[in-house]
Protein chains: 2
Amino acid sequence: MEPECGLALSARKVEYLKFIFETGGTVRTSEIASAFNVDPSTITKTLAELAAAEYIRHVPYHGVCLTKTGEQHAEFLVKRHRILSLMLVRNGLLPRDACNEASRFESQVTKKAVDRICHFMGHPRQSACGEITHDEDCLERGRGTQS
Amino acid sequence: MEPECGLALSARKVEYLKFIFETGGTVRTSEIASAFNVDPSTITKTLAELAAAEYIRHVPYHGVCLTKTGEQHAEFLVKRHRILSLMLVRNGLLPRDACNEASRFESQVTKKAVDRICHFMGHPRQSACGEITHDEDCLERGRGTQS
DNA sequence: CTTGTTTTTTGGAGTATCCCCAATTTTAAA
DNA sequence: TTTAAAATTGGGGATACTCCAAAAAACAAG
């Protein structure tokens, strides 16, 4: 695994991908556009990039859905957000603020770091903004493995 | 105080400003360029922007030094880095990794959040990467003040 | 005090990531 | 089948980075 694993997507793309994941199924351009208050044409362009990277399948004029890869990655993105939010809450922030701060910086935090924080916190199931599910990687990591 | 206080500078500018602060006195373009492994012309341009924002004074062909504002801000930047690094160490990361992760995302963390984390951690004097000094704002914040 | 080396700056250009508007295309409902 | 809504395309702009080549300034040595 590359050391910078988890930094492939920009902050904005992370937000869009999480939104698609959480909405579920086929998501329309207009849904994303209004959720983030940006012009639909901006969404179309970003979706094209996410599709090129094979995170989503885009049927023009109909909407997008996650690929298998996209879904796995989105699971990580959501977990990362929740682990970081929880860490902030456990370090003195209000849930709402924790969530906002995390959204701003989470795209810059590696998977390795998230797994270690997760392990340190005892693989919690509940965050400030939703449930946390744990993958194999995460459950293994953190004890002796400094890689 | 604006809610987004602390987000004025890009990640790169934060790094440059911290470097100028930590080097101290008058810093030359070439010093910054070699420290970050970028072309000197890139530094000249960024310094022009930092000078326009009045964080530094730039005497062409001679170097830059911090303004009063720049120095105060740099103190905050260094403290933010150290508080976040320390939080990561206290949440399971190795000091080196904590420092690297923090450098990547710190530019997106508000002063408000830093003050609360700092308060929560008991205004520590020592981080993974240096001493921490505390300002008035920080010592006041966090108890009841949710602003 | 002038030549030659080093440092810095200027000007030009490219990439990436955002964003919006206007016009066109497609879909879907009346 | 006409028409309104949704989506896309094409064009353009902003910010934040980056580098290279050429000009300018500084400085040291002779």
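Protein chains get the first letters and strands the later ones, always in sequence-line order, with residue 1 at the start of each.
Between A:Asn37 and A:His62, the one whose closest nucleotide on DNA chain C sits nearer the 5' end is A:Asn37. Both A:Lys45 and A:Val59 sit near DNA chain D, but only A:Val59 has its closest nucleotide nearer the 5' end. Of the two residues contacting DNA chain D, namely B:Val38 and B:Arg28, the nearest-nucleotide position lying further toward the 5' end is that of B:Val38.
Per the geometry, CD1 belonging to A:Ile32 stands 16 Å off C1' belonging to C:dC18, to the nearest Å. A:Lys13 places its NZ atom 9 Å from the C1' atom of C:dC18, with the value rounded to the nearest Å. Rounded to whole Å, the distance from CG on A:Leu47 to P on D:dA6 is 16 Å. Remark: C1' of C:dC21 and CD1 of A:Ile43 are 15 Å apart, rounded to the nearest angstrom. When the P atom of D:dA16 is taken as reference, atom CZ of B:Phe36 falls 17 Å away, rounded to whole Å. Going from atom CG of B:Asp39 over to atom C1' of C:dA13 covers 13 Å, rounded to whole Å. Rounded to a whole Å, the CD atom of B:Glu15 is 16 Å from the P atom of D:dA16. Look at CZ on B:Arg12: it is 9 Å from C1' on D:dC17, rounded to the nearest Å.
Contacts of A:Pro60 with the nucleic acid, taken as non-hydrogen atoms under 4.0 Å apart, involve only primed sugar atoms and P, OP1 or OP2. Residue contacts for A:Ser41: at a heavy-atom cut-off of 4.0 Å it reaches a base atom on one of the strands shown. Residue B:Ala11 is classed as a sugar-phosphate contact, given heavy-atom separations below 4.0 Å to backbone atoms only.
Between B:Thr42 and the phosphate of D:dC19, there is a side-chain N or O to OP1/OP2 separation shorter than 4.0 Å. Between D:dT8 and A:Thr44, a contact under 4.0 Å exists linking OP1 or OP2 to a side-chain N or O. Taking side-chain N and O atoms only, B:Ser10 has no distance below 4.0 Å to OP1 or OP2 of D:dT15. Taking only side-chain nitrogens and oxygens, B:His58 comes nearer than 4.0 Å to OP1 or OP2 of C:dT9. Dashed line: the shortest gap from a side-chain N or O of A:Thr46 to OP1 or OP2 of C:dC18 is not under 4.0 Å.
To the nearest 0.5 Å, the span separating CD1 on B:Ile132 from CD1 on B:Ile83 amounts to 4.0 Å.
Proximity of A:Glu49 to A:Ser10: side-chain heavy atoms (C-beta onward) are nowhere separated by under 4.5 Å.
The aromatic rings of B:His123 and B:His119 sit perpendicular to each other, their planes meeting at more than 60°, with 30° as the lower class boundary.
A salt bridge between A:Arg12 and A:Glu15 is absent, with no side-chain N of the basic residue lying under 4.0 Å from a carboxylate O of the acidic one. A salt bridge does not link B:Arg116 to A:Glu101: none of the charged nitrogens lies less than 4.0 Å from a carboxylate oxygen.
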